[in-house]
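Note: hydrogens, waters and symmetry copies are ignored here, and every other heavy atom, side chains too, is used. Chain naming here is simple, since letters A, B, ... match the order of the sequence lines and numbering starts at 1 in each.
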There are 2 protein chains.
Amino acid sequence: MTHQEHLPFLALSDSTRRTILLMLRDHNMTVAQVSENFDVTRAAVKKHLTVLPDGGLITTTKRGRERMNAPNPQGLAPVLDWLGFFDAFWDDRLTALKSGVIKVMQ
Amino acid sequence: MTHQEHLPFLALSDSTRRTILLMLRDHNMTVAQVSENFDVTRAAVKKHLTVLPDGGLITTTKRGRERMNAPNPQGLAPVLDWLGFFDAFWDDRLTALKSGVIKVMQ
DNA sequence: TAATCGCGATACCTTATGGTTTCATGTCCT
DNA sequence: AGGACATGAAACCATAAGGTATCGCGATTA
């Protein structure tokens, strides 16, 4: 069977991490800034901010005493590749998604 | 934050389940048939064959003493919807995926 | 320099998860 | 009817996962 990149799927399997990704899509954020948006402790958020780069979904760079977290869109590639195996099956919702993209490309 | 359908992501977070989905893409299969393709016990496979319909990714129908498992492509919709939030970020790989689709649509 | 700030890391707890074994039940076939 | 067959379900186990509290350390800043 085709080798599957597992870590990106694992990273996406948690609701908090998906929310973090959506937040980072709009603004790069430090660990503390991300933590402010959740009820759990900073340590818990920090753990998610370890799983996400493990899955290649974000990149982190240290700047002084803080660390910036930025989304890495290419990290979604393995997921997209996998979904690509279902080309022939995709439904109308995907078709709509695609058609939206087509407009952009033309 | 946007409500997120969690179960489909959960279902996709396990390698065995992803492999099962790829198998079912080609042929509908019974529990036993799916089990034949893995080293783990039938009971373990059966558990996966409970998580998958929970996530809406497969449908199961009982026929006599066996149960057929079939992929449900629409179950991927929540995942696709979520990925849609990253439209502006998507990389070349997705672009290629899309362009393949464009050919089909024209 | 001293106090504070942002992080990282560790130890620990609880629950979820994937796995096994075993047993029960309904179905098919002779 | 009786046996074989396909599945379902329960009890149990080990480990992974998400959470907490706590301590340590480099970087800032008063």
J.: Using a 4.0 Å heavy-atom cut-off, does A/Thr30 contact any base of the nucleic acid, only the sugar-phosphate backbone, or nothing at all?
T.: sugar-phosphate

J.: Contact between A/Leu21 and B/Trp82 at the side-chain level, heavy atoms closer than 4.5 Å - yes or no?
T.: yes

J.: Which residues, if any, of residues 36-46 of chain A bring a heavy atom under 4.0 Å of DNA chain D?
T.: A/Val40, A/Thr41, A/Ala43, A/Ala44

J.: Find the distance A/His48:NE2 to D/dA16:C1' and express it as a whole number of Å.
T.: 14 Å

J.: Report, one line per pair, each donor and acceptor closer than 3.5 Å where one atom sits in a side chain of residues 29-45 of chain A; sequence neighbours left out.
T.:
{"residue": "A/Thr30", "atom": "OG1", "partner": "A/Gln33", "partner atom": "N", "Å": "3.1"}
{"residue": "A/Gln33", "atom": "OE1", "partner": "A/Thr30", "partner atom": "N", "Å": "2.9"}
{"residue": "A/Ser35", "atom": "OG", "partner": "A/Val31", "partner atom": "O", "Å": "2.9"}
{"residue": "A/Asn37", "atom": "ND2", "partner": "A/Gln33", "partner atom": "O", "Å": "2.9"}
{"residue": "A/Thr41", "atom": "OG1", "partner": "A/Ala44", "partner atom": "N", "Å": "3.3"}

J.: Once you round it to whole Å, what is the distance between P of D/dA6 and CD of B/Gln33?
T.: 10 Å

J.: Can you tell me which nucleotide in D/dG8, C/dG19, C/dC7 comes closest to the side chain of B/Thr16?
T.: C/dG19

J.: Given atom CE of A/Met68 and atom P of C/dG6, what is their separation to the nearest angstrom?
T.: 14 Å

J.: Can you list, by residue number, the residues of residues 51-67 of chain B that have a non-hydrogen atom closer than 4.0 angstrom to DNA chain D?
T.: B/Arg65, B/Glu66, B/Arg67

J.: Would you mind reading off the distance between A/Lys47 atom NZ and C/dT14 atom C1', rounded to a whole angstrom?
T.: 12 Å

J.: Need one value for B/Leu49: base, sugar-phosphate or nothing, where a base atom within 4.0 Å counts as base even if backbone is also close, heavy atoms only.
T.: nothing

J.: Whole Å only: how far is the CZ atom of A/Arg18 from the P atom of D/dG18?
T.: 11 Å

J.: If I take atom CZ in residue B/Arg17 and atom C1' in nucleotide C/dA16, what distance separates them, rounded to the nearest angstrom?
T.: 12 Å

J.: Nearest whole Å is fine: how far is D/dG18 C1' from A/Leu12 CG?
T.: 17 Å

